[in-house]
Enquirer: 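My structure is below; once you've seen it, I'll send some questions.
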Amino acid sequence: MADLANPQNTLAVLRKYGFTAQKKYGQNFLIDANVLEKIISGAQITQDDCVLEIGPGIGTMTQYLAEAAGRVIAVEIDRHLLPMLEDMLSSYDNVTVIHEDILKVDIDRLAEEYHGGRPLKVVANLPYYITTPVILKLLQGGAPIESVTVMVQKEVAQRMESGPGTKDYGALSLAVQYYAKPEILTIVSAGCFLPRPNVDSAVIRLRKCDTPPVEVRDDKFLFALIRAAFNQRRKTLVNALTNAADLKVSREEVCAALTDLGLPVTVRGEALSLKEFAQLADLLSQ
Ligand code: SAM
């Protein structure tokens, strides 16, 4: 089996099938074997694992995953890639390719069907145009998932990992950190892809928490609060929250809750930790 993780072999396959990478599907194929090895070792895959790969492309990473894991389920939206995938993966009997949009896939059902309902490990070089909805589906959707090891745009990885008071901190940081422990494993330069994207990338591993790191009575309200706080990032928290119609909280209530927490009424959302947001949510949803 030819290793596809280099420019010559990737180009040869694309030419053979007359395939042109589609921007609308975020198709930037990995052509660097070192990066692939870092992803596979970072994902800590064993023969007991069932891996869900999002967007196998021409099957470059899928081949590495098939060697390391017991089973691989690869979900690809672009039907033009299916004949290539069939050829590239023909020597592996532990790979199933599913032609579907990952945002529509029932991941619970996949875990049930392919892994007896046990948690899956997700590994992907994600299409960047849907990074946030995919990450939120994987974390908030409640499907059995142990970890998510993915290539994303470098800035997005930094947002997932950052804490209060930094410019990258926001709703995505808080959502990710409520469900998982994020860790950037490596930065990847644009030259490791074909075609070359305009931005650098990073591999990040999100280890799902068994229980969230903070307790909160109503997590839906917590996330509505966080969304409102960062929708109007430059405003004080009091203004951002009272302007959000769906929260139905008054200026007096927000000021009183902030004072209870020992925070100034002029504070902005970007200064609050996840724990402080959870405490604020409990006070305001009473
Ligand atoms: N895994 C390959 C690699 O590393 O070379 C390809 C990665 S490429 C960045 C993203 C892949 O995701 C493409 O194959 C693209 O067609 C696929 N894709 C895009 N949107 C998708 C979606 N909604 N559901 C499933 N696959 C998708």
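Predicted model, so just to flag it, every value in this text is computed and none were measured. Counting starts at 1 for both ligands and their atoms, in listed order. Side-chain atoms are counted along with the backbone in the values below, which use heavy atoms only and exclude waters and symmetry mates.
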Enquirer: Does E86 have more than 12 heavy atoms from other residues, nucleotides or ligands lying within 6.0 Å of its CD?
Expert: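 No, because the 6.0 Å sphere around CD of E86 holds 12 heavy atoms or fewer from other groups.
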
Enquirer: Considering only heavy atoms, does I58 approach ligand 1 within less than 4.0 Å through its side chain, its backbone, both, or neither?
Expert: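 Neither part.
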
Enquirer: Heavy-atom distances under 4.0 Å decide this one: backbone, side chain, both or neither, for I130 against ligand 1?
Expert: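 Contact part for I130 vs ligand 1: side chain (C-beta onward).
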
Enquirer: Would you check if the side chain of T10 reaches a backbone N or O of P7 as a donor-acceptor pair within less than 3.5 Å?
Expert: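 No; zero donor-acceptor contacts below 3.5 Å.
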
Enquirer: Contact between Y129 and ligand 1, counting heavy atoms under 4.0 Å?
Expert: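 Y129: in contact with ligand 1 (<4.0 Å).
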
Enquirer: Is there a donor-acceptor contact under 3.5 Å from the side chain of E53 to the main chain of I73?
Expert: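 Checked: no pair found.
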
Enquirer: Could you tell me if any non-hydrogen atom of Q22 lies under 4.0 Å from any atom of ligand 1?
Expert: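 So Q22 does not count as touching ligand 1.
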
Enquirer: Would you mind checking which non-hydrogen protein atom is closest to atom 27 (C) of ligand 1, with the distance to 0.1 Å?
Expert: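 Looking at atom 27 (C) of ligand 1, the protein heavy atom closest to it is I77 CG2, 3.4 Å.
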
Enquirer: Tell me which protein heavy atom sits closest to atom 17 (C) of ligand 1, plus the residue, atom name and distance to 0.1 Å.
Expert: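 Atom 17 (C) of ligand 1 sits closest to the protein heavy atom E76 OE2, 3.4 Å.
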
Enquirer: May I ask you to identify the nearest protein heavy atom to atom 19 (C) of ligand 1, giving residue, atom name and distance to one decimal place in Å?
Expert: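 Protein heavy atom at minimum distance: Y25 O, 3.1 Å.
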
Enquirer: When you measure from atom 9 (C) of ligand 1 to each heavy atom in G26, S201, A5, which option holds the nearest one?
Expert: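 Heavy atom nearest to atom 9 (C) of ligand 1 belongs to G26.
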
Enquirer: Under a 3.5 Å threshold, yes or no: a donor from one side chain and an acceptor from the other, between D78 and Q27?
Expert: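 Result is yes, a qualifying pair exists.
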
Enquirer: If you have a sec, work out which protein heavy atom is nearest atom 4 (O) of ligand 1 and how many Å separate them, to one decimal?
Expert: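 Here the closest protein heavy atom is N125 ND2, 2.9 Å.
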
Enquirer: Quick one: nearest non-hydrogen protein atom to atom 24 (N) of ligand 1, plus distance?
Expert: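 Answer, as residue, atom name and distance: I102 N, 2.9 Å.
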
Enquirer: Would you mind listing which atoms of ligand 1 come within a distance below 4.0 Å of any non-hydrogen atom of Q27?
Expert: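 The list of qualifying atoms is 13 (C), 15 (C), 16 (O).
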
Enquirer: Below 4.0 angstrom from a heavy atom of L81, which ligand 1 atoms are there? Numbered from 1 as shown, please.
Expert: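 Result: 14 (O), 16 (O).
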
Enquirer: With a heavy-atom distance limit of 4.0 Å, tell me whether P56 approaches ligand 1 through its side chain, its backbone, both, or neither.
Expert: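 Backbone only.
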
Enquirer: Using heavy atoms and a 4.0 Å limit, tell me yes or no: is M151 in contact with ligand 1?
Expert: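 Not so, M151 does not reach ligand 1.
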
Enquirer: Does S273 offer a backbone N or O that forms a donor-acceptor pair with the side chain of E276 under 3.5 Å?
Expert: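 At least one qualifying donor-acceptor pair exists.
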
Enquirer: So do K38 and V188 actually touch side chain to side chain, heavy atoms under 4.5 Å?
Expert: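 When only atoms from C-beta onward are counted, K38 and V188 do not touch, as no gap falls below 4.5 Å.
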
Enquirer: Hey, is the main chain of T46 close enough, under 3.5 Å, to the side chain of K121 for a donor-acceptor pair?
Expert: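 Judged by distance alone, no pair lies under 3.5 Å.
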
Enquirer: Nearest protein heavy-atom contact for atom 1 (N) of ligand 1: which residue, which atom, what distance?
Expert: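 Of every protein heavy atom, G55 O, 2.8 Å lies nearest to atom 1 (N) of ligand 1.
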
Enquirer: Among all protein heavy atoms, pick out the one at the shortest distance from atom 5 (O) of ligand 1; state its residue, atom name and that distance to 0.1 Å.
Expert: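 It is L30 N, 2.9 Å.
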
Enquirer: What protein heavy atom sits nearest atom 23 (N) of ligand 1, and how far off is it?
Expert: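 Minimum-distance protein heavy atom for atom 23 (N) of ligand 1 reads D101 OD1, 2.9 Å.
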
Enquirer: To the nearest 0.5 Å, what is the distance between CE (M61) and CG (L30)?
Expert: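 Answer for the CE-CG pair, M61 versus L30, is 5.5 Å.
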
Enquirer: Keeping T149 on the side-chain end and R205 on the backbone end, is there a donor-acceptor pair under 3.5 Å?
Expert: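 Absent.
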
